[in-house]
Amino acid sequence: MKGKMSKLLAVAIVLSMLLVVLAACGPTPEPQVVEKVVKETVIVEGTPQVVEKVVTEEVEKEVVVTQEVEKVVTATPEPQKKIATFAWTQEPDSLNNYYTNMWFSTILQQIWSCWPWEYDDQNIPFPKLVTEIPSIENGGLSEDGLTITMHLRDDIVWSDGEPITAEDFVFTYNMIMDPGNTVASQYPYDYLESVEAPDAQTVVMTFTEPFAPWQSTFWRTILPKHILEPVFEAEGSIDEAEWNRAPTVGCGPFVFSEWESGSYIRFVKNTNYWEGEPKLDEIYLQFVPDDASQTAALVAGDADLGSFPPLSDVPVLEAGGLTIMVQSSGYSEAWYFNMRDMASPFTKDLAVRKAIAMAIDREAINDDLLLGLTSPVETFWDPIAASGYVSPDIEPWQYDPEAANKLLEDAGYVDTDGDGIREDKDGNPLTLRHATTIREIRQDSQAVCQQNLRDVGIDLQTLSYDADLFFGSWGDGAPAALGDLDIMQWSDCPAFPDPDTSYWLCDQLPSDDNPYGYNYFICDEYLDGLFQQQIKTIDPTERAQIFQEISKYMHDNVYWLGMWNDPDYWMVGSRLTGVKFSGVTPFYNIAEWDLK
């Protein structure tokens, strides 16, 4: 018995030693490097705000292997798609550029559509669909300014592979001018005599008179003839064409994929893009209800890009790791006065408009609400004043409530009942209706202006609307278009970088016959004549002098009251690379954007 146990003990010892040796022959496990997600509390300097910034740390994790049973072979995972998420505070009303005036729609053009020429981050034009931008020097612009000839590249195609040809340009012109289509405006195409296509790569534009701002106003999208012509032939209009909201055939680096109303729009890479496939796989526009939601999504890392933040949020965004990029785009936030036939007699009174200009503390709005990052503007053309389009004789409106009170007293507006609001000679209270969108900064400025005007005896009733209603047309029954408002506030610009605008042209007054006219302000025959004169003036010095006269006339008559200069503010997340912006075609290099 003793001998048998000894043998068994010896066998056990040998087996144990063998196991140790075998274990020693196996690979020594190496520590793994893993990402640990933590939240870092950041105190925003100069503000009472504290934000949580999501960061990652690399740490070593020891790996313990207890035994090795068999060799496991795992498949190589498919590479993750590069999807950039944009937080979008206003849902577009249409993707067809000829049916919208909304900034949040028109700036999407370079994502999925294309122009003959676009603009870089210095706002300098460069050829896109054309071999060169027409000029007198290259023969593309005639000496008399009546003929423009464009030569198209021979390698440009739609996203479905069909060639982009001169016939698409002719078709685009015909659709804009056809009475069956209620486009936002026929301007400037109504100044053309004809558009012709002598061959597939040549477009000839003919005018009856010179048209100075042609480079900044024409061909702000091209319509695919092979897609929309069958719709027009069947229905006599493209107003209800599915393509307007779902342009599945485009000519940009991305192509439309899906639009879930109230939620998102998706664009996916265009594999037929003639300049090569973009680096990103997808652009995802996530609609957010307000500025606060946009800021929260960006700081949390749920969105890679946002635009037009409340400037009071800039410190919070920077503390949250966002880069703020600013690009001049010609925009200014302003008040637009309704002086049409149906308008209040008070807005038609120059004394009232001047009193308003002196009663509002615009410096305080810029310093307090906008952190001093902006400044008041005096004319619609202030952002391009360096080009000589603003009169040097303009005297800025100064905050002077005493002068405003005297002006109103002298004009016969007196508070006869002691309620703090002035009345006219017939006893009607000096009440005005002011409206804008639901953007927080606009509502904040409304509150300041309401108090400023009450201090001089003007009752400013404030309203705010969702953007799709506020920026709607006469045909949509929008209050601004119909003339239900006395004063409207928004941000806009001329045909930047050109000074041209059709805002105050008499033929742009909206009506049943012209439901998409967008002159909601006044038909002033003298002003209309000046605008018509500048259009035909080719000499840049003479044209600048006309704009100096226009700018002073409008300033002195308070047709437009500037609140603050409003360049494009972009919030760029840390994942995005290769990002540049233009003030004219913001996403001009979107094909070069990438994710880390």
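Looking at D93 and T100, their side chains do bring a donor and an acceptor atom within 3.5 Å of each other. Residues E542 and T537 have side chains that never bring a donor and an acceptor to within less than 3.5 angstrom of each other.
With sequence neighbours left out, R266 forms a side-chain hydrogen bond (donor to acceptor under 3.5 Å, both in side chains) with S257, E258, E282. Y173 is linked by a side-chain hydrogen bond (donor to acceptor under 3.5 Å, both in side chains) to nothing, counting only residues two or more places apart in sequence or in another chain. Evaluation of the side-chain hydrogen bond (donor to acceptor under 3.5 Å, both in side chains) rule for S159 yields no partner, not counting sequence neighbours. Qualifying side-chain hydrogen bond (donor to acceptor under 3.5 Å, both in side chains) partners for W593, counting only residues two or more places apart in sequence or in other chains: N589.
A parallel orientation is assigned to the rings of F531 and W504, their planes being inclined by less than 30° (bins at 30° and 60°). Between Y465 and F470, the angle of the ring planes stays under 30°, which puts this pair in the parallel group of the 30/60° scheme. Between Y187 and Y191, the ring planes lie perpendicular to each other; the angle is over 60°, past the 30° to 60° tilted range.
Salt bridge absent: K552 and E378 never bring a charged side-chain N and a carboxylate O closer than 4.0 Å. Salt-bridge formation is not detected for the pair D444/R439: no Lys NZ or Arg NE/NH1/NH2 atom is positioned less than 4.0 Å from an Asp or Glu carboxylate oxygen. Ion pairing between a basic and an acidic side chain is recognised when a charged N comes within 4.0 Å of a carboxylate O; K269 and D281 show such pairing. E592 and K580 are not joined by a salt bridge, as no carboxylate oxygen comes within less than 4.0 angstrom of a charged side-chain nitrogen.
Among all heavy-atom pairs drawn from A166 and L152, the shortest one is N-CD1, 3.5 Å. In this structure, V314 and I324 approach most closely via the heavy-atom pair CG1-CG1, 4.2 Å. Closest heavy-atom contact between N272 and G161: ND2-N, 3.8 Å. For the pair D498 and S216, the tightest heavy-atom approach, listed with the atom from each and the gap, is CB-OG, 3.3 Å. In plain terms, the two heavy atoms of Y284 and I83 that are nearest each other are CB-CG2, 4.0 Å. In this structure, M150 and P116 approach most closely via the heavy-atom pair SD-CB, 4.4 Å.
F86 and F587 have their aromatic ring centers within a separation under 6.0 angstrom. Aromatic pair Y503/Y520: centroids not less than 6.0 angstrom apart. For an aromatic pair to be called close, the ring centres must be under 6.0 Å apart, and W112 with W259 fails this. In this structure, the ring of W243 has its center no less than 6.0 angstrom from the ring center of W158.
Here the options are D160, D168, T165, the test is side chain to side chain donor-acceptor pair (under 3.5 Å), and the partner is H226; only D160 passes. Under the ring-ring contact (aromatic ring centres under 6.0 Å, His included) test applied with W381, the options F496, W560, F547 reduce to a single match, F547. For the pairing with W219, the ring-ring contact (aromatic ring centres under 6.0 Å, His included) check across W117, F169, Y98 returns one residue only, F169.
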**Report entry** side-chain contact (heavy atoms from CB on, under 4.5 Å) between S261 and E91, intermediate numbers included
**Finding:** CA-CA 8 Å; S261 183; E91 183 170 2; 3.5 Å; yes
Query raised in the report: When you look at N96 and S94, which way does the side-chain hydrogen bond (donor to acceptor under 3.5 Å, both in side chains) test go after all the steps?
Result: CA-CA 5 Å; N96 186 334; S94 173; 5.7 Å; no
Query raised in the report: Should D367 and R362 be marked as a salt bridge (Lys or Arg N to Asp or Glu O under 4.0 Å) after you check the CA-CA gap, both sets of side-chain angles, and the distance that decides it?
Result: CA-CA 9 Å; D367 290 342; R362 296 182 297 157; over 6 Å; no
Requested in this report: For the pair Q109 and T221, evaluate side-chain hydrogen bond (donor to acceptor under 3.5 Å, both in side chains) and give the outcome as yes or no after the intermediate values.
Outcome: CA-CA 7 Å; Q109 286 287 296; T221 202; 2.7 Å; yes
Query raised in the report: Stepwise, does the side-chain contact (heavy atoms from CB on, under 4.5 Å) test hold for F171 with E229?
Result: CA-CA 8 Å; F171 176 76; E229 186 176 50; 3.8 Å; yes
Query raised in the report: What's the verdict on side-chain hydrogen bond (donor to acceptor under 3.5 Å, both in side chains) for T182 and D239, showing C-alpha distance, side-chain angles and the deciding distance?
Result: CA-CA 7 Å; T182 51; D239 286 357; 2.8 Å; yes
Query raised in the report: Should F211 and I535 be marked as a side-chain contact (heavy atoms from CB on, under 4.5 Å) after you check the CA-CA gap, both sets of side-chain angles, and the distance that decides it?
Result: CA-CA 5 Å; F211 188 82; I535 287 173; 3.2 Å; yes
Query raised in the report: How far apart are the C-alpha atoms of W88 and I265, what are their side-chain angles, what is the distance that settles it, and do they pass the side-chain contact (heavy atoms from CB on, under 4.5 Å) test?
Result: CA-CA 10 Å; W88 224 241; I265 295 178; over 6 Å; no
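The closest side-chain heavy-atom distance from D121 to F581 is not below 4.5 Å. Between V183 and Y516 the shortest side-chain heavy-atom distance does not fall below 4.5 Å. Taking 4.5 Å as the limit, some side-chain heavy atom of P499 sits within range of a side-chain heavy atom of I384. By the 4.5 Å heavy-atom criterion applied to side chains, L95 and F256 are counted as neighbours. Contact check for Q508 versus S185: side-chain heavy atoms found under the 4.5 Å cut-off. Under the 4.5 Å side-chain criterion, counting only non-hydrogen atoms from C-beta, P253 is not in contact with I111. In this structure the side chain of L305 reaches within 4.5 angstrom of the side chain of V572, judged on heavy atoms. Considering only heavy atoms from C-beta on, L370 stays 4.5 Å or farther from S312 through its side chain.
To the nearest 0.5 Å, atoms CD1 (I394) and OG (S391) are separated by 5.0 Å. The CD1 atom of I107 sits 11.5 Å away from atom CE of M102, with the distance rounded to the nearest 0.5 Å. Rounded to the nearest 0.5 Å, atoms CD1 (I238) and CG (L223) are 5.5 Å apart.
For D120 (side chain) and I124 (main-chain N/O), a donor-acceptor pair under 3.5 Å exists by modelled atom type. Remark: the backbone N or O of V316 is not paired with any side-chain donor or acceptor of D313 at under 3.5 angstrom. Judged by distance alone, with hydrogens and angles left aside, the side-chain atoms of D178 form no donor-acceptor pair with the main-chain N or O of M175 at under 3.5 Å.
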Scan the side chains in residues 563-570 for donor-acceptor partners under 3.5 Å anywhere in the protein, sequence neighbours excluded, and list what turns up.
unit_1	atom_1	unit_2	atom_2	d
N565	OD1	S375	N	2.8
D566	OD2	S491	OG	2.7
D568	OD1	S329	OG	2.8

Distance-only criterion, 3.5 Å: show the donor-acceptor pairs between side-chain atoms of residues 125-134 and protein atoms not counting sequence neighbours.
unit_1	atom_1	unit_2	atom_2	d
K128	NZ	Y273	OH	3.1
K128	NZ	E275	OE1	2.9
T131	OG1	H151	O	3.4

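Crowding of E277 atom CD: a count of heavy atoms from other residues, nucleotides or ligands under 6.0 Å exceeding 12.
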